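Shown next, in structure tokens, is the structure this report addresses.
Side-chain atoms are counted along with the backbone in the values below, which use heavy atoms only and exclude waters and symmetry mates. Source: prediction; values computed, not measured.
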Amino acid sequence: MVDSLFADVSEFQVPVDDSYPYQIFSFRSNDGTYRDHNFFTNYAWAADAADSGRISCFIVYFYWRPNWLDTADTHKSMIGEAGGPHRKMISMIDVESGGNPGGDQSDGINRAYWRLADWLGSTRRVIGYANRPDFNSMWPVRPDGLNMIGAGYGSNPNLPRQIAHQYTDGQGYGGGLPEGAPPFGNCDMNSADGFSPEDFANQCGVGEVAPDPVTDMWIQFMGIGGNGWPQLAGHTLVDGVATVGQTLGLAGFAPPSGPTQVPLPRDTDGRIRDEWIQMLGIQGQGWPQLGGHTLVDAVAAIGQELNIPGFQPPVQ
């Protein structure tokens, strides 16, 4: 059975460099609104390493605080400043009791989770981290399908849907496994038991195998995070087609005004429903911004306007 080791670091270690030997890498962006001083160096290296194939994926995590919105938005903002979420990047919510209120914090943690899932357009790309006591007390109500990294020094917590075990903080708990990694020295270390690096990436939705085609299709319609596509001037697919029709002077073609912001539905049925609507329009009656056409018929109308042989929408 293949197990994949990887380090978990922050500004308490030196920044990463090419001496790092593993194919998964995890590092901190922020603690609440506090920004990790090594983040931008670590992110730039990780993005380049993922592009070159040196690593299979990387995790950017933040330490959850009760001001969950500011905490999640600090994470998003820092990644945006670093060039935006890399296609091999996974976001992780670090749930720990240290410095946080006691008791059930599920509402605020889940709100942070969904804010990131909406942003990334994927639930698989958002994972959690906790030890067994904090997992049970702080996060008893969790999103379906949540992948977890379980912390347990000297023993494996075996959390539900655990995909890796943080087995040491570098202080001798490894039981023969490494207590650290170059260039950091001793540090938090993890073992993704039973996963190759690429298997781990696939499990988190950033590998070469698409693990969630329904969500991938939703993203094609709506753009990353439901924010439209940069290559379509920030429009969704439907509104992008509406813009083309408007430019050609087609009657009734006009994209709606205002920025695009469509939340990712919480379940597969909701995503499939959205996709059906994108193809056929509200109640299957076509789209107002497409002159009452469905998406397919709108493309046919544009082709007809451009005198492409055989392009002709059905008579309404």
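- The side-chain hydrogen bond (donor to acceptor under 3.5 Å, both in side chains) test with Arg65 is passed by exactly one of Asp31, Thr71, Asn30: Asp31.
- Thr247 meets the side chain to side chain contact (heavy atoms under 4.5 Å, CB included) test with Thr243; sequence neighbours excluded.
- Ion pairing of Asp269 with Arg273 is absent here, as no side-chain N (NZ or NE/NH1/NH2) approaches a carboxylate O to less than 4.0 Å.
- Between the side chains of Thr215 and Arg271, at least one donor N or O lies within less than 3.5 Å of an accepting N or O.
- Between Phe27 and Tyr43, the ring-plane angle classifies as perpendicular under the 30° and 60° cut-offs.
- Counting only N and O atoms by type, the side chains of Trp139 and Asp104 include no donor and acceptor under 3.5 Å apart.
- Arg161 CZ: more than 12 foreign heavy atoms inside a 6.0 Å radius.
- Within a 6.0 Å radius of CE in Met78, more than 12 heavy atoms belonging to other residues, nucleotides or ligands are found.
- Under the ring-ring contact (aromatic ring centres under 6.0 Å, His included) criterion, Tyr34 pairs with His37, sequence neighbours left out.
- Minimum interatomic distance between Trp287 and Leu280 (heavy atoms only, all atoms of both residues): NE1-C, 4.5 Å.
- Closest non-hydrogen pair, Lys88 versus Ser56, comes out as CD-O, 3.2 Å.
- Taking the side chain as every heavy atom from C-beta outward, Arg111 and Leu69 never approach each other to under 4.5 Å.
- Counting all heavy atoms, side chain and backbone alike, Thr236 lies closest to Leu232 at O-CD1, 3.9 Å.
- Taking each heavy atom of Ile90 and Cys204 in turn, the nearest pair found is CD1-CB, 3.5 Å.
- Proximity of a side-chain donor or acceptor of Gln23 to a complementary backbone N or O of Cys57 within less than 3.5 Å is not detected.
- Listed by chain and residue number, Leu248, Leu250 satisfy the side chain to side chain contact (heavy atoms under 4.5 Å, CB included) test with Glu305 (two or more places apart in sequence, or in another chain).
- Scanning all heavy atoms of the two residues, the minimum distance from Pro178 to Tyr167 falls at O-OH, 2.6 Å.
- Considering only heavy atoms from C-beta on, Phe62 comes within 4.5 Å of Leu116 through its side chain.
- Looking at heavy atoms from C-beta onward, Asp239 lies in side-chain contact with Gln289 at the 4.5 angstrom threshold.
- Taking the side chain to side chain contact (heavy atoms under 4.5 Å, CB included) definition, one finds that Pro182 meets it with Ser19, Pro21, sequence neighbours left out.
- Applying the under-4.5 Å side-chain rule to Ile, Leu, Val, Met, Phe, Trp and Tyr, the cluster around Val141 consists of that residue alone.
- Aromatic pair Tyr61/His75: centroids not less than 6.0 angstrom apart.
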**Study point:** Verdict with supporting geometry, Asp188 and Thr168, side-chain contact (heavy atoms from CB on, under 4.5 Å)
**Key:** CA-CA 6 Å; Asp188 293 347; Thr168 189; over 6 Å; no

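- Using a 4.5 Å heavy-atom cutoff, the side chains of Met89 and Arg125 are in contact.
- Ring geometry for Phe25 versus Phe184: interplanar angle under 30°, hence parallel rather than tilted (30 to 60°).
- Of the charged side-chain nitrogens involved, at least one lies within less than 4.0 Å of a carboxylate oxygen, so that Asp73 and Arg115 count as a salt-bridged pair.
- Here the straight-line distance linking atom CE of Met148 with atom CZ of Arg132 works out to 9.5 Å at 0.5 Å rounding.
- Within a 6.0 Å radius of CD in Gln231, other residues, nucleotides and ligands contribute more than 12 heavy atoms.
- Between Glu96 and Tyr129, the closest heavy-atom pair is OE2-CE2, 3.7 Å.
- Between Phe6 and Phe58, the distance separating the two ring centers is not shorter than 6.0 angstrom.
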Could you list the donor-acceptor pairs under 3.5 angstrom formed by side chains in residues 151-158, with sequence neighbours left out?
unit_1	atom_1	unit_2	atom_2	d
Tyr153	OH	Gln166	OE1	2.7
Asn156	OD1	Asn158	N	2.9
Asn156	OD1	Gln162	NE2	2.9

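- Val126 has its side chain within reach of Leu120: a pair of non-hydrogen atoms, C-beta onward, lies under 4.5 Å apart.
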